Amino acid sequence: MIRNLLESLHHDDFEKLAADIKHSLEAHRYWMQRITTALVTRQPITDSQFIAEDAHRHCHFGCWLERILKDELFQQGSFLKIEQYHKLLHDSARTILNQLNFNGEVDVEAFESFMQQQKEFFDMVMMLFEFSVLNKQQFDPTTQLMNRRSVDSVLANEYSRMQRADDYYCCIAMADIDHFKEVNDVWGHDVGDLLLSHTAKIFNDAIRRHDTVSRYGGEEFLFIFPDMPLPQAESVIERIRIKLMNASINHHGNLHSVTASFGVTQMCRHCDIKGSIKRADIAMYAAKENGRNCTVTIDSQAVTRQTSYDHLNNEITDLMRQHCKLVQHDSN
């Protein structure tokens with residue numbers, strides 16, 4: 001579940017997740033305080049939000065949880081456990097409050113069960129809160145995309161999925177902003193950072209939710225396209241390239257446009273991740289040599305028809321360059 005979240009959530013999602021959990025926990029602490037006060041003073045509580053059969057659906061935390069569980073991304077793992085623990089906590093609270101309301105006494109065993117449910121619930125929620133806070137550090141502050149360290153775990157997960165299923169496809173693409181050093185030299189690093197942020201937003205807005213784009217280093221970006229064959233990845237990257245080319249930003253009255261060169265290939269179950277990244281990198285540099293602002297692909301299946309799988313792990317740049325194919329854009 002944690003890995004799936006890391007693959008699927010962007011920087012802003014983690015920010016909101018952490019804030020929502022924090023606010024919901026604060027509301028639940030007030031709920032706990034009301035119950036504790038009632039038990040100490042032996043004052044009955046008859047509010048439906050405490051004793052109703054579905055009280056767990058109406059507290060602040062329950063309303064937040066119900067809202068996010070409408071998103072299939074959260075209908076798994078720890079969030080489903082939190083939903084279960086939250087309901088059990090309310091059930092145990094209702095038990096002791098009913099005892100207090102009708103008998104004026106609370107069974108010790110019921111109270112201990114309530115306290116145990118409280119601990120399990122808060123432990124689970126705090127785990128997710130800490131996860132969301134820590135993973136804010138897994139994003140690049142300039143682009144708000146995953147950084148290289150965090151995207152490595154996504155690559156490892158996709159590689160593992162390929163080992164388990166012979167018919168599973170995953171493509172990757174490297175992108176490098178054209179003439180970026182000149183932008184920094186002429187306009188300064190503030191404009192350079194602005195163009196990085198602008199490019200990242202276009203990239204991020206153009207992919208599917210379960211795709212990934214990260215800042216891989218400097219002005220380089222890495223795309224990961226799970227369950228996508230090479231022809232479709234070519235088409236997606238070309239659409240992104242054209243969208244970037246046609247966009248511009250205004251900085252103090254100066255219009256700045258950006259282009260990038262792209263290299264696309266498949267991940268291969270018969271070679272390591274480093275070998276796949278190497279192929280995408282070779283294709284990207286071939287795009288630079290083709291005049292920049294274009295897309296070049298390397299079909300790993302075509303390479304393996306010519307050489308052995310073992311060679312895919314070696315730096316046989318010359319062989320890879322023979323398989324570079326410039327993607328021709330159809331203006332119609």
Side-chain angles (χ1 to χ4, degrees), residues 7 145-146 148 151-163 165-178 203 206-208 210-242 244 259-329:
E7 291 180 41
L145 299 178
M146 279 187 185
R148 184 166 180 168
V151 81
D152 282 345
S153 68
V154 182
L155 287 167
N157 187 48
E158 290 305 316
Y159 185 71
S160 176
R161 293 174 71 179
M162 294 189 74
Q163 304 309 308
D166 291 340
D167 59 348
Y168 183 74
Y169 297 95
C170 180
C171 282
I172 59 174
M174 292 291 294
D176 186 87
I177 297 178
D178 297 326
F203 286 173
I207 60 177
R208 304 171 300 180
H210 58 282
D211 296 334
T212 300
V213 58
S214 70
R215 186 180 180 186
Y216 205 64
E219 62 271 28
E220 287 188 348
F221 297 82
L222 173 68
F223 293 84
I224 304 174
F225 298 113
D227 200 23
M228 184 181 289
L230 186 60
Q232 186 179 347
E234 291 179 10
S235 177
V236 170
I237 287 296
E238 266 296 277
R239 173 171 52 82
I240 293 172
R241 181 188 67 80
I242 294 168
L244 177 66
T259 64
S261 303
F262 298 82
V264 189
T265 192
Q266 310 102 315
M267 290 187 71
C268 177
R269 64 179 50 85
H270 300 290
C271 67
D272 56 24
I273 295 172
K274 182 180 178 181
S276 296
I277 296 290
K278 176 69 176 179
R279 284 197 309 281
D281 202 50
I282 291 171
M284 182 189 71
Y285 277 101
K288 294 283 188 185
E289 294 174 356
N290 270 281
R292 297 182 171 85
N293 188 27
C294 61
T295 303
V296 168
T297 66
I298 295 177
D299 185 346
S300 64
Q301 294 179 356
V303 176
T304 56
R305 285 195 290 269
Q306 183 176 339
T307 187
S308 68
Y309 290 126
D310 290 340
H311 287 169
L312 288 179
N313 287 319
N314 299 324
E315 296 188 4
I316 46 174
T317 303
D318 289 342
L319 175 61
M320 296 299 174
R321 287 170 64 87
Q322 294 174 21
H323 288 273
C324 287
K325 184 190 76 171
L326 178 67
V327 176
Q328 302 292 334
H329 172 62

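Nothing here was measured: the structure is a model prediction, and the numbers come from that model.
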Student: Just so I know, are the side chains of Leu222 and Met146 near enough to count as touching, which here means a heavy-atom distance under 4.5 Å?
Tutor: no
Student: Between Glu220 and Asp281, which heavy-atom pair has the shortest distance, and what is it?
Tutor: OE2-OD1, 4.1 Å
Student: Determine whether Thr212 and Leu155 make a side-chain contact, defined as any pair of heavy atoms from C-beta on separated by less than 4.5 Å.
Tutor: no
Student: Would you check if the side chain of Thr265 reaches a backbone N or O of Ala280 as a donor-acceptor pair within less than 3.5 Å?
Tutor: no
Student: Should the ring pair Phe221 and Phe203 be called parallel, tilted or perpendicular, given that the plane angle runs from 0 to 90° and is split at 30 and 60?
Tutor: perpendicular
Student: What residue among Val236, Asp211, Ile237, Val151 forms side-chain contact (heavy atoms from CB on, under 4.5 Å) with Phe223?
Tutor: Ile237
Student: Before giving the answer on side chain to side chain contact (heavy atoms under 4.5 Å, CB included), spell out for Ile240 and Ile207 the whole-Å C-alpha distance, their side-chain angles and the decisive distance to 0.1 Å.
Tutor: CA-CA 9 Å; Ile240 293 172; Ile207 60 177; 4.0 Å; yes
Student: Are side-chain heavy atoms of Phe225 and Val264 found at a separation under 4.5 Å?
Tutor: no
Student: A side-chain contact here means heavy atoms from C-beta on lying under 4.5 Å apart; do Arg208 and Pro226 qualify?
Tutor: yes
Student: Could you check Met267, Met228, Arg279 and say which one makes a side-chain contact (heavy atoms from CB on, under 4.5 Å) with Ile172?
Tutor: Met267
Student: Please find the pair of heavy atoms, one from Gln266 and one from Ser276, that lie closest to each other, and give the distance.
Tutor: O-OG, 4.0 Å
Student: Is it true that atom OH of Tyr169 has more than 12 heavy atoms of other residues, nucleotides or ligands lying nearer than 6.0 Å?
Tutor: no
Student: For the residue pair Asp167 and Arg269, what are the closest heavy atoms and their distance?
Tutor: N-NH2, 4.2 Å
Student: Whether the side chain of Arg241 engages the backbone of Asn293 through a donor-acceptor N/O pair (distance < 3.5 Å, no angle test) should be reported.
Tutor: yes
Student: Looking at side-chain heavy atoms only, is the closest gap between Tyr285 and Val296 below 4.5 Å?
Tutor: no
Student: Once rounded to the nearest 0.5 Å, what's the spacing between atom CD1 of Ile242 and atom CD of Glu238?
Tutor: 5.0 Å
Student: What distance separates Asp272 CG from Lys278 NZ, expressed to the nearest 0.5 Å?
Tutor: 12.5 Å
Student: Show your working on side chain to side chain contact (heavy atoms under 4.5 Å, CB included) between Glu158 and Tyr168 and close with a plain yes or no.
Tutor: CA-CA 9 Å; Glu158 290 305 316; Tyr168 183 74; 2.5 Å; yes
Student: Over all heavy atoms of both residues, which pair between Ala283 and Gly263 is shortest? Give the atoms and the distance, please.
Tutor: CB-CA, 3.6 Å
Student: So do the side chains of Asp178 and Lys288 get within less than 4.5 Å of each other, counting heavy atoms only?
Tutor: yes
Student: Would you find a donor on one side and an acceptor on the other, under 3.5 Å apart, between the side chain of Asn290 and the backbone of Ala286?
Tutor: yes
Student: Within this structure, what is the NZ-CG distance for the pair Lys325 and Asp299, rounded to the nearest 0.5 Å?
Tutor: 8.0 Å
Student: Could you report the tightest heavy-atom contact between Met284 and Asp176, atom names first, then the distance?
Tutor: SD-CB, 3.4 Å
